[in-house]
Amino acid sequence: MRKENIRNPIGIFDSGFGGLNILKEIIKGLPEYDYIYLGDTARTPYGARSQEVIRNFTEEAVGFLFKRNCQLIILACNTASSEALRKIQREYLPKNYPNRRVLGVIVPAAESAVVRTNNNCIGVIATESTVRSKAFEKEVKKLNPQIEVFQEACPLLAPLVENGEENSGVTELAIRNYLSPLLRKNIDTLILGCTHYGILEDKIRKIVGPGINLVSEGAVVADKLKDYLQRHKELDDEISRNAGAEFFTTDLTDKFQILGSKFFGKRILPKRAKLG
């Protein structure tokens, strides 16, 4: 039974700032819960790292959040979701925290894309690691093997966003170059497969036009989380409801507060986290 004024929050983890956009959308739909956000900004980006390193970093982050009484953790990082989630669910949780849960963002996005497509041609833009893992393609094919999935790695976009250059001409040019091969495949649905891309959604929409469905993970994950908690009452009862949020970063800088506030939509006061 949940006890009021005791913090048993929901944890949100990302390699950088992008997950703050996910958290913003989750709080819109579930404002009463407590949350802790962790951004591993000292070691971002994860996209070009090896699977072993990504798994180790993600386990350290999950451990940090569980030690702060998180009952449920969302891996808002697509790279962590694609490379580390399965191992954490199958090995780490049973051994260390059997009554807690870790969820990712790839399955909700894949489910949404499958529902939206009309011509069975789905595009994905993501980091190099996420594209290499074929995680989105695997999840889409599980739901509908007839759907074709076309992927494009976008190694420049996350670093550009992390550097606050989302409105630069370089970023717009990079988006156009990455989208061009996908648009030639006649896709009618595009998954924005990195949390950083949410802040680029308007620019992407302008380039692809109104005829293509955009699957941006923030709103999708928020809806799926609400449904998940309704179906898992025993877990929902353990999560505290004081409408609070804490923010942690592994590299406490003015940049995190400035850009983090931009992603979250209002001012945040982050604290320093040590991992490893």
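Side-chain atoms are counted along with the backbone in the values below, which use heavy atoms only and exclude waters and symmetry mates. What you see is a predicted model, and the numbers here were worked out from it, not measured in a lab.
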Side chain to side chain contact (heavy atoms under 4.5 Å, CB included) with Ile22: which of Leu225, Thr195, Val220?
Thr195
Please evaluate residues Ile122 and Phe150 with respect to the criterion side chain to side chain contact (heavy atoms under 4.5 Å, CB included), reporting the C-alpha separation (whole Å), side-chain torsions for both, the decisive distance (0.1 Å), and the verdict.
CA-CA 6 Å; Ile122 293 175; Phe150 303 98; over 6 Å; no
Polar side chain donor-acceptor pair, [X] to [Y], under 3.5 angstrom:
X	Y	value
Glu83	Ser129	yes
Asn8	Ser240	no
Glu217	Asn78	yes
Ser168	Thr171	yes

Looking only at heavy atoms, which two atoms of [X] and [Y] are closest? And how far apart?
X	Y	result
Thr189	Arg116	OG1-C, 3.9 Å
Gly104	Ser81	CA-OG, 3.5 Å
Tyr46	Thr58	CE2-OG1, 4.2 Å
Leu93	Val102	CD1-N, 3.8 Å
Asp34	Arg241	OD2-N, 3.9 Å
Ile106	Ser82	CD1-CB, 3.5 Å

Side chains of [X] and [Y]: closer than 4.5 Å at any heavy-atom pair?
X	Y	answer
Val62	Phe13	no
Asp251	Phe256	no
Gln230	Asp236	no
Glu234	His232	yes
Leu20	Ile268	yes
Cys70	Ile36	yes
Gln257	Phe247	no
Leu200	Asp202	no

Which residues pass the ring-ring contact (aromatic ring centres under 6.0 Å, His included) test with Phe136, not counting sequence neighbours?
none
Which residues satisfy the ring-ring contact (aromatic ring centres under 6.0 Å, His included) test with Tyr197, sequence neighbours excluded?
none
Are [X] and [Y] connected, step by step, through hydrophobic side chains (Ile, Leu, Val, Met, Phe, Trp, Tyr) whose heavy atoms are closer than 4.5 Å?
X	Y	value
Val215	Leu179	no
Ile191	Val208	no
Val161	Leu156	yes
Ile73	Leu38	yes
Leu75	Phe57	yes

When you check the gap from the basic side-chain N to the acidic O, do [X] and [Y] get nearer than 4.0 Å?
X	Y	value
Lys262	Glu166	yes
Glu111	Lys224	yes
Glu246	Arg7	yes
Lys95	Glu91	no

Taking the six-membered ring where the residue is Trp, are the ring centres of Phe248 and Phe64 under 6.0 Å apart?
yes
[X] atom [atom1], over 12 foreign heavy atoms within 6.0 Å:
X	atom1	value
Glu52	CD	no
Lys141	NZ	yes
Arg205	CZ	yes
Arg231	CZ	yes

Would you give the length of the straight line joining atom [atom1] of [X] to atom [atom2] of [Y], rounded to the nearest 0.5 angstrom?
X	Y	atom1	atom2	result
Gln151	Lys134	CD	NZ	7.5 Å
Lys271	Leu252	NZ	CG	11.5 Å
Leu190	Glu152	CG	CD	11.0 Å
Leu173	Leu160	CG	CG	10.5 Å
Leu269	Arg267	CG	CZ	4.5 Å
Ile125	Leu214	CD1	CG	8.5 Å

Once the angle between the rings of Phe263 and Phe17 is folded into 0 to 90°, is it parallel (under 30°), tilted (30 to 60°) or perpendicular (over 60°)?
parallel
Parallel, tilted or perpendicular: rings of Phe66 and Tyr92 (30°, 60°):
parallel
Do Thr127 and Thr79 pass the side chain to side chain donor-acceptor pair (under 3.5 Å) test, and can you show the C-alpha distance, the side-chain angles, and the key distance before you say yes or no?
CA-CA 7 Å; Thr127 65; Thr79 301; 2.9 Å; yes
Would the distance check show the side chain of [X] and the main-chain N or O of [Y] forming a donor-acceptor pair, the cut-off being under 3.5 Å?
X	Y	answer
Lys24	Gly218	no
Asn163	Pro159	yes
Asn242	Gly244	no

Applying side chain to side chain donor-acceptor pair (under 3.5 Å) between Thr41 and each of Thr249, Thr253, Asp14, report the one that passes.
Thr249
Chi angles and distances behind the side chain to side chain contact (heavy atoms under 4.5 Å, CB included) call for Glu25, Val221:
CA-CA 8 Å; Glu25 295 299 327; Val221 171; over 6 Å; no
Quick one, Thr117 with Asp188, criterion side chain to side chain donor-acceptor pair (under 3.5 Å). Give me CA distance, side-chain angles, the key distance, then yes/no.
CA-CA 6 Å; Thr117 184; Asp188 76 342; 2.7 Å; yes
Evaluation steps, salt bridge (charged side-chain N to carboxylate O under 4.0 Å, His left out), between Arg43 and Glu60:
CA-CA 12 Å; Arg43 303 185 293 194; Glu60 290 171 4; 2.9 Å; yes
Side chain to side chain contact (heavy atoms under 4.5 Å, CB included) evaluation trace for Leu235 with Arg101
CA-CA 9 Å; Leu235 178 62; Arg101 298 290 180 269; 3.8 Å; yes
Does Asn56 form a side chain to side chain contact (heavy atoms under 4.5 Å, CB included) with Val53? I'd like the steps, not just the answer.
CA-CA 5 Å; Asn56 288 340; Val53 168; 5.6 Å; no
